Amino acid sequence: MKNINQYISKHKERFLNELIELLKIPSISADSNYRPQVLQTANHVSNALAEAGCENIQILQTKGNPVVYADKVIDPNLPTVLVYGHYDVQPADPIELWDTPAFEPTIKKTKIHPEGAIFARGACDDKGQMFMHIKAIEFLIATNQLPCNVKFMIEGEEEIGSPSLAPFIKEHAELFKNDVILISDTGMISNDQPSITTGLRGLSYVEIEVTGPNRDLHSGFYGGAVANPINILSQMIAKLHDENNHITIPGFYDDVYELSEEERAEMAKAPFEQKDYNKALNIEEEWGEKSYSTIERSTVRPTLDVNGIWGGYIGEGAKTVLPSKAFAKISMRLVPGQDPDKITQLFTDYFMSLAPKSVKVVVKPHHGGKAYRTPLESTGYQAAYKAYAETFTNAPIPQPSGGSIPIVSLFSDVFNSHTILMGFGLNSDAIHSPNEHYGLFNFYKGIETIPYFYQYFTQIHQQNA
């Protein structure tokens with residue numbers, strides 16, 4: 001890649017300013033009140049792709065938020081890379097915990113990011129990482145160095161489970177036909193030690209509603225005689241794990257792929273210090289399923305977590321109320337072998353069985369997806385490995401991720417191609433949390449590295465043809 005560092009150096013201030021403008025738009029897909037801003041962001045992304053030199057740009061409608069398509073096809077005989085990303089973001093709540101406003105991007109230096117990091121919702125997940133790809137292809141087109149065909153699929157519902165994307169890509173399978181799918185929506189070990197995400201956990205997400213009396217009651221008159229939905233919900237949730245933090249749902253582990261001792265030993269080679277992990281999170285001690293390491297618990301073991309719980313009076317002061325309803329949101333991260341529909345049904349059956357007759361319980365499934373693994377022998381993985389090795393001092397380490405991108409397993413089924421997860425974020429970037437940020441080093445290093453992936457993928461693909 002000739003002159004890539006010179007090109008980045010010349011345009012880096014413009015790149016950053018353009019990203020800042022994108023981050024200012026609150027494209028929150030979970031809240032319908034932000035629908036206008038979501039659509040505004042889709043237009044913003046399409047304009048950025050046009051300015052980068054892409055062609056055939058379309059904002060394609062789905063049953064929900066639109067998908068932005070663009071391509072640069074230089075030769076039908078060359079391989080095609082499909083770049084997937086998303087322009088929607090998580091809600092900023094709790095807003096009061098942000099040091100600076102979530103949609104007023106701010107550059108600050110940190111211990112991990114001495115060159116500076118951009119603090120804003122979506123900075124790392126996924127606007128900053130998605131935008132790297134737009135700037136990378138800008139460089140390749142501007143310098144006439146694009147070695148293969150590239151297509152873009154940038155969607156607006158990833159943060160709510162991509163509910164519209166499955167039927168959409170099946171309907172448009174020919175348009176998005178590819179030889180490999182490239183995604184930057186994951187992370188790496190550190191700025192000194194890159195890694196390639198070799199797998200994602202699946203997901204089953206449900207919402208619970210527990211109803212007791214037909215209205216809120218005076219806790220003095222009725223407390224002790226009528227079931228309190230919050231108390232009951234808390235007791236039911238407590239029964240979902242045993243004393244070893246093992247999930248108690250019957251059949252939950254039946255299809256779980258168990259790592260061999262050799263595989264566990266390979267995972268243990270990744271650099272990790274438990275004391276540094278605990279210190280970064282300000283916790284006294286780690287927690288999790290007995291007999292597994294922290295890395296294993298957070299990447300290759302299934303989990304069940306309460307993501308939110310509410311009910312009754314939560315305003316200022318006291319209100320002695322026995323609530324009519326209580327609610328919870330629960331997510332289960334799944335591993336290879338587990339089917340999200342099956343797990344959702346197992347959860348529902350078991351949770352309903354825990355309910356006393358004094359309350360009514362409704363389990364509402366939200367969204368889910370299967371786990372995914374990238375074969376290390378695949379052309380895409382080999383190309384990614386060589387790309388990181390080209391731009392970093394240390395060669396990358398393969399590493400599974402605990403996160404989920406539910407649509408990835410569907411990509412494999414529809415396109416019959418592998419997905420390569422080239423993330424440049426860090427675990428400390430606070431995605432989905434207040435003060436989300438993305439290092440400027442990581443942003444520019446991604447722009448530098450991605451073109452090498454295209455170069456090496458094209459070379460290896462043609463060698464294997």
Side-chain angles (χ1 to χ4, degrees), residues 26 28-35 64 90-98 102 157 159-161 163 203-243 245 247-252 287 303-334 340-368 404 406 432-434:
I28 302 169
S29 55
D31 188 338
S32 60
N33 291 319
Y34 289 91
R35 170 79 173 174
Q90 284 273 322
D93 307 75
I95 294 172
E96 67 275 8
L97 296 184
W98 284 79
E157 296 184 339
E159 295 294 5
I160 55 172
L203 180 67
S204 168
Y205 195 100
V206 299
E207 183 172 330
I208 310 298
E209 178 182 309
V210 178
T211 304
N214 59 5
R215 63 186 187 278
D216 289 356
L217 302 175
H218 189 298
S219 63
F221 294 160
Y222 293 96
V226 176
N228 184 321
I230 297 178
N231 294 353
I232 299 296
L233 176 58
S234 300
Q235 292 165 8
M236 294 171 69
I237 289 173
K239 294 177 181 177
L240 295 174
H241 292 88
D242 65 16
E243 66 278 6
N245 297 320
I247 296 165
T248 56
I249 299 169
F252 186 86
W287 183 96
T303 63
L304 186 154
D305 286 292
V306 179
N307 304 127
I309 186 168
W310 68 99
Y313 179 71
I314 56 174
E316 184 177 351
K319 182 181 182 184
T320 53
V321 62
L322 192 156
S324 172
K325 293 180 179 292
F327 304 85
K329 293 181 186 287
I330 293 176
S331 65
M332 291 161 279
R333 301 285 176 171
L334 312 179
D341 293 335
K342 179 180 177 180
I343 292 299
T344 299
Q345 190 60 54
L346 289 174
F347 173 90
T348 301
D349 293 344
Y350 181 60
F351 202 75
M352 297 293 287
S353 75
L354 298 176
K357 293 182 179 180
S358 53
V359 297
K360 299 180 183 69
V361 176
V362 174
V363 178
K364 177 184 176 182
H366 274 285
H367 59 271
S404 303
H432 292 208
S433 301

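Below, all heavy atoms of this structure are taken into account, side chains as well, without hydrogens, waters or symmetry copies. As the structure is a computational prediction, the values presented were derived from the model and not from experiment.
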Are [X] and [Y] side-chain neighbours, meaning at least one heavy-atom pair lies under 4.5 Å?
X      : Y      : value
Ser404 : Arg333 : yes
Ile249 : Phe351 : no
Ile247 : Met332 : no
Asp31  : Pro91  : no
Ile237 : Ile208 : no

Please enumerate all residues that pass side-chain hydrogen bond (donor to acceptor under 3.5 Å, both in side chains) together with [X], with sequence neighbours excluded.
X      : value
Glu159 : Gln90, His432
Asp93  : none
Asn307 : Ser331
Asp305 : none

Problem - All pairs passing salt bridge (charged side-chain N to carboxylate O under 4.0 Å, His left out) where residues 341-353 contributes a residue, at least two apart - result: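 Residue pairs with at least one partner in residues 341-353: Asp255-Lys342.
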Practice task
Mind telling me whether Trp287 and His241 have parallel, tilted or perpendicular rings, with 30° and 60° as the class edges?
Solution key: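 Judged by the thresholds at 30° and 60°, the geometry between His241 and Trp287 is perpendicular.
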Practice task
Classify the ring geometry between His366 and Tyr205 as parallel (under 30°), tilted (30 to 60°) or perpendicular (over 60°).
Solution key: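 His366 and Tyr205: perpendicular rings.
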Nearest heavy-atom neighbours spanning [X] and [Y]:
X      : Y      : answer
Ala227 : Val359 : CB-CG1, 4.0 Å
Tyr313 : Gly317 : CE2-O, 3.6 Å
Leu203 : Pro340 : O-CB, 3.5 Å
Gly64  : Glu157 : CA-OE2, 3.0 Å
Ala30  : Ile160 : CA-CG2, 3.6 Å
Val206 : Pro365 : CG1-CA, 4.1 Å

Heavy-atom count check: over 12 atoms from other residues, nucleotides or ligands less than 6.0 Å from [X] [atom1]?
X      : atom1 : result
Glu316 : CD    : no
Phe327 : CZ    : yes
Tyr34  : OH    : no

Exercise for the section: Taking Thr248 for its side chain and Lys239 for its backbone only, find out whether a donor-acceptor pair lies under 3.5 Å. Expected result: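 Looks like yes, one N/O pair under 3.5 Å.
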Exercise for the section: Hey, could you give me the CG/CD1 distance between Leu304 and Ile343, rounded to the nearest 0.5 Å? Expected result: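 With rounding to 0.5 Å, CG (Leu304) is 10.0 Å from CD1 (Ile343).
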Practice task
State the CD1-OG distance between Ile309 and Ser234, to the nearest 0.5 angstrom.
Solution key: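 Spacing of CD1 (Ile309) from OG (Ser234) equals 4.5 Å.
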Exercise for the section: Write out all pairs satisfying side-chain hydrogen bond (donor to acceptor under 3.5 Å, both in side chains) with one or both partners inside residues 317-330, taking only residues at least two apart or from two chains. Expected result: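 Listed once each, the pairs are Glu207-Lys329, Glu209-Lys325, Thr211-Lys325.
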